[in-house]
> 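Here you go, one structure.
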Amino acid sequence: MKAALVGADGTLLHRARRSTGRERGPDSVVADILDFAADLRAHGIEHYGEPARAAGVAVPGIIDEAEGVAVYSANLGWRDVPLRARLTERLGVPVALGHDVRAGGLAEGRIGAGRGTDRFLFVPLGTGIAGAIGIDGRVEAGAHGFAGEIGHIVVRPGGVPCPCGQRGCLERFASASAVSEAWAAACGDPGADAADCAEAVAAGDARARAVWQEAVDALADGLVTALTLLDPRTLIIGGGLAEAGETLFTPLREAVRRRVTFQKLPSLVPAALGDTAGCLGAGLLAWDLLETAGSPAPSAPSEVTA
């Protein structure tokens with residue numbers, strides 16, 4: 001878990017990290033979040049003279065933002081957790097609940113790589129692949145909270161089974177975990193990962209280049225499907241795989257360019273905020289909540305746990 005106190009302009013005033021404690025079960029994760037938020041509130045009082053005026057929390061899985069419920073998270077073992085209500089009770093302030101990737105996309109769109117862009121698509125390449133659809137300073141959640149799940153676009157019909165129930169999903173070929181798995185098999189080292197593959201690509205290893213190009217081609221197929229539907233002005237790529245820099249972006253830009261026909265080619269840029277994007281986005285959700293409620297902009301920060 002990452003947590004922060006965030007100023008009205010998106011400034012990170014204080015940051016902290018803790019383990020989720022998920023090995024102790026789903027209820028322990030909730031308890032740890034509540035304790036973490038309470039400690040953050042106390043830090044705000046001690047260092048800024050008053051508590052945060054609102055809180056935001058960004059979590060993985062399926063989120064009902066309107067009801068403030070974490071509907072399902074396989075990684076955390078959650079089902080129908082009333083997280084907003086629990087946090088509101090603990091902190092005594094308004095609480096916004098959001099999806100981790102959409103929160104990260106909100107931050108990248110407003111104060112990161114997409115700043116000033118009216119339409120963007122944020123795609124972090126991590127353990128899986130998701131997306132955040134940015135429209136005029138907000139992120140579209142969809143009618144049921146599933147918007148942006150680009151990782152489950154089928155790019156290789158009949159291919160590798162995906163836990164979602166389909167075969168050939170994008171994240172089974174182009175996520176950091178997929179590249180790690182493919183490179184470990186290709187080089188014979190079970191401990192090898194995507195970062196090792198990127199280094200081998202830069203060093204000219206033919207096996208690594210084959211693994212990398214397969215991932216790039218699959219990613220380009222998925223991205224072109226997304227940009228055909230959404231027509232973003234800017235395509236922001238983040239997550240662990242993006243840390244490879246131009247080892248990823250140079251072939252990816254070319255692969256996308258080759259696939260585009262009538263579509264307008266968007267700017268394809270790396271994310272700017274790194275692993276702080278989720279915290280910043282959750283903080284922005286908290287500030288938005290205050291603005292929607294008609295509260296005056298306070299001097300105290302908003303509190304966020306991501």
Side-chain angles (χ1 to χ4, degrees), residues 1-4 6 10 20 33 56-66 68-76 78 81 83 96-115 117 119-135 137-153 162-164 169-172 174-178 219 222-223 225-227 229-230 232 234-243 268-286 288 304-306:
M1 296 188 291
K2 296 182 289 289
V6 181
T20 60
I33 289 174
V57 58
V59 297
I62 300 170
I63 311 300
D64 185 335
E65 295 178 12
V69 174
V71 178
Y72 176 70
S73 175
N75 288 342
L76 299 176
W78 284 353
V81 177
L83 199 55
L97 177 67
H99 184 270
D100 57 348
V101 172
R102 289 198 290 270
L106 181 67
E108 285 288 352
R110 286 195 193 172
I111 59 178
R115 187 171 187 171
T117 300
R119 300 286 191 279
F120 70 87
L121 178 64
F122 169 58
V123 180
L125 310 173
T127 304
I129 299 177
I133 303 165
I135 305 171
R138 64 180 180 84
V139 173
E140 174 60 43
H144 307 95
F146 298 165
E149 289 292 345
I150 183 176
H152 296 290
I153 290 176
C162 179
C164 80
C169 288
L170 174 61
E171 69 175 40
R172 298 298 297 136
S175 63
S177 56
L219 181 57
L223 292 176
T225 297
L227 69 88
L229 291 171
L230 302 172
T234 304
L235 190 53
I236 305 168
I237 307 297
L241 214 58
E243 293 176 6
L268 200 160
V269 300
L273 302 176
D275 68 356
T276 65
C279 266
L280 286 167
L284 292 172
L285 288 175
D288 286 353
V304 48
T305 306

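Bear in mind the structure is a predicted one, so any value in this text is a computation, not a measurement.
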> Check the pair T225 / I150 against side chain to side chain contact (heavy atoms under 4.5 Å, CB included), numbers first and verdict last.
CA-CA 9 Å; T225 297; I150 183 176; over 6 Å; no
> In chain order, what residues pass the side-chain contact (heavy atoms from CB on, under 4.5 Å) check against I62, with sequence neighbours excluded?
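Here the qualifying residues are V71, Y72, F146.
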> Does any part of the side chain of D100, heavy atoms only, come nearer than 4.5 Å to the side chain of I63, both counted from C-beta?
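No. Closest side-chain heavy atoms not under 4.5 Å.
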> Taking all non-hydrogen atoms of both residues into account, name the closest pair between I153 and G222 and its distance.
CD1-O, 4.0 Å
> Applying side-chain contact (heavy atoms from CB on, under 4.5 Å), name anything that partners P163, two or more places apart in sequence or on another chain.
R172
> Just verifying a value: how many Å separate I236 CD1 and F122 CZ, rounded to the nearest 0.5 Å?
7.0 Å
> Do any side-chain atoms of residues 272-282 form donor-acceptor pairs under 3.5 angstrom with protein atoms, and if so which ones, sequence neighbours left out?
from	atom 1	to	atom 2	distance (Å)
D275	OD2	R17	NH2	2.5
T276	OG1	L273	O	2.6

> Once side-chain contact (heavy atoms from CB on, under 4.5 Å) is applied, do any residues pair with L230, and if so which ones, sequence neighbours excluded?
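Residues passing side-chain contact (heavy atoms from CB on, under 4.5 Å) with L230: L121, I133, P232.
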> What's the shortest heavy-atom distance between A113 and V269, and which atoms?
CB-CG2, 4.1 Å
> Not counting sequence neighbours, which residues clear salt bridge (charged side-chain N to carboxylate O under 4.0 Å, His left out) with R115? List them please.
none
> Could you list the residues that satisfy side-chain contact (heavy atoms from CB on, under 4.5 Å) with E243, not counting sequence neighbours?
none
> Using 0.5 Å steps for rounding, measure from the NE2 atom of H152 to the CG atom of L170.
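Taking NE2 in H152 and CG in L170, the distance rounds to 9.5 Å.
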> Can you tell if the side chain of L268 reaches within under 4.5 Å of the side chain of I237, non-hydrogen atoms only?
yes
> Just jot down the side chain to side chain donor-acceptor pair (under 3.5 Å) partners of R138, sequence neighbours excluded, or say none.
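R138 satisfies side chain to side chain donor-acceptor pair (under 3.5 Å) with E140 once adjacent residues are dropped.
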> Which atoms form the tightest heavy-atom contact between L285 and A103, and what is the distance?
CD1-CB, 4.4 Å
> How close do A130 and P124 get, heavy atom to heavy atom, and via which atoms?
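Of all heavy-atom pairs spanning A130 and P124, the closest is O-CD, 3.4 Å.
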> When rounded to the nearest 0.5 angstrom, what is the spacing between CG in L106 and CG in L284?
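It comes to 5.0 Å.
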> Closest approach of C162 and E171, non-hydrogen atoms and distance?
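Heavy-atom minimum between the residues: SG-OE2, 4.5 Å.
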> Below 4.5 Å, heavy atoms only, C-beta onward: do V81 and V59 meet side chain to side chain?
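Of all side-chain heavy-atom pairs linking V59 with V81, none is under 4.5 Å.
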> S73: which residues meet the side chain to side chain donor-acceptor pair (under 3.5 Å) condition with it, sequence neighbours left out?
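S73 satisfies side chain to side chain donor-acceptor pair (under 3.5 Å) with no residue once adjacent residues are dropped.
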> Could you pull out all residues at least two apart from S177 that satisfy side chain to side chain donor-acceptor pair (under 3.5 Å)?
S175
> What heavy-atom pair brings A96 and A286 nearest, and what distance separates the two atoms?
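So the two residues come closest at CB-N, 4.3 Å.
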> Give a yes or no on whether the backbone of A58 and the side-chain of H99 come within a donor-acceptor separation of less than 3.5 Å.
no
> Sub-3.5 Å donor-acceptor pair from the side chain of E108 to the main-chain atoms of G114, do we have one?
no
> Holding to salt bridge (charged side-chain N to carboxylate O under 4.0 Å, His left out), I want the full list of residues that pass it with D288, two or more places apart in sequence or in another chain.
R110
